Amino acid sequence: MNYEGKCFKPGQGNNAYIFPGIGLGAVISEATRITEDMFLVASRTLADLVSEEDLLVGSIYPPLQNIREVSLQIAIAVAEEVIASELSSIQSPNNLKQLIENYMYEPTY
């Protein structure tokens, strides 16, 4: 969409970026419930992954081709929040990132 000479790209913040990372982080950490703080952590993590280059081309989200890495980073942050908030039925794993990477679906055939 063009507005005042600039191109803006719409995105699916909740459906494409936030919800998958929250779900993955909650499953891995065995969260007993989902809280507002988990959504805040997910949103802040997503915002931190937006580069200056993304903003310059009118996008407020990272490129969709980076969705696996984005989901991984959000899942890590959410799982850390769950564990820190004592809403987890597990202890903090030694390598949370590796645990999540091993759990992620690999869409190869």
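All values derive from a computational prediction rather than experimental measurement.
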K.L.:
How far does CD1 of I74 sit from CG of L46, to the nearest 0.5 angstrom?
P.N.:
5.0 Å
K.L.:
Working to the nearest 0.5 Å, report the span between CD1 of I83 and OG of S88.
P.N.:
5.0 Å
K.L.:
With E106, which residues qualify under salt bridge (charged side-chain N to carboxylate O under 4.0 Å, His left out), at least two apart?
P.N.:
R68
K.L.:
Tell me whether I67 is reachable from I60 by hopping between hydrophobic residues (I, L, V, M, F, W, Y) whose side-chain heavy atoms are closer than 4.5 Å.
P.N.:
yes
K.L.:
Return the CD1 to CD distance between I28 and E80, rounded to the nearest 0.5 Å.
P.N.:
13.0 Å
K.L.:
Between I22 and V82, is there shared hydrophobic-cluster membership here, with clusters defined by ILVMFWY side-chain heavy atoms closer than 4.5 Å?
P.N.:
yes
K.L.:
Are M104 and L99 co-members of a hydrophobic cluster defined by side-chain heavy atoms under 4.5 Å apart?
P.N.:
yes
K.L.:
If you count every heavy atom of other residues, nucleotides or ligands that lies below 6.0 Å from N94 atom CG, does the total exceed 12?
P.N.:
no
K.L.:
Would you say V41 ends up clustered with F39 if hydrophobic residues are merged whenever their side chains have heavy atoms under 4.5 Å apart, either directly or through other cluster members?
P.N.:
no
K.L.:
Quick one: side-chain contact (heavy atoms from CB on, under 4.5 Å) partners of N102, sequence neighbours excluded?
P.N.:
Q98
K.L.:
Might you confirm whether atom CD of Q91 has over 12 heavy atoms from other residues, nucleotides or ligands at distances under 6.0 Å?
P.N.:
no
K.L.:
Would you call the rings of Y61 and Y17 parallel, tilted or perpendicular, taking 30° and 60° as the class edges?
P.N.:
parallel
K.L.:
Who pairs with L49 by side-chain contact (heavy atoms from CB on, under 4.5 Å), at least two apart in sequence or on another chain?
P.N.:
T45, P62, V70, Q73
K.L.:
Please report the shortest heavy-atom distance between A79 and G25, naming the atom on each side.
P.N.:
CB-O, 3.7 Å
K.L.:
For I34 and A26, which heavy atoms make the closest approach, and how far apart are they?
P.N.:
CD1-CB, 3.6 Å
K.L.:
Grab the two heavy atoms, one from A42 and one from V78, that are nearest each other, plus how far apart they are.
P.N.:
CB-CG2, 4.1 Å
K.L.:
Count I, L, V, M, F, W, Y as connected when their side-chain heavy atoms are under 4.5 Å apart, and connections chain through other members. Are I100 and M38 then in the same cluster?
P.N.:
no
K.L.:
Nearest 0.5 Å please: distance from the CD atom of E101 over to the CG atom of L96.
P.N.:
10.0 Å
K.L.:
About how many Å separate CG of L24 and CG of L72, when rounded to the nearest 0.5 Å?
P.N.:
8.0 Å
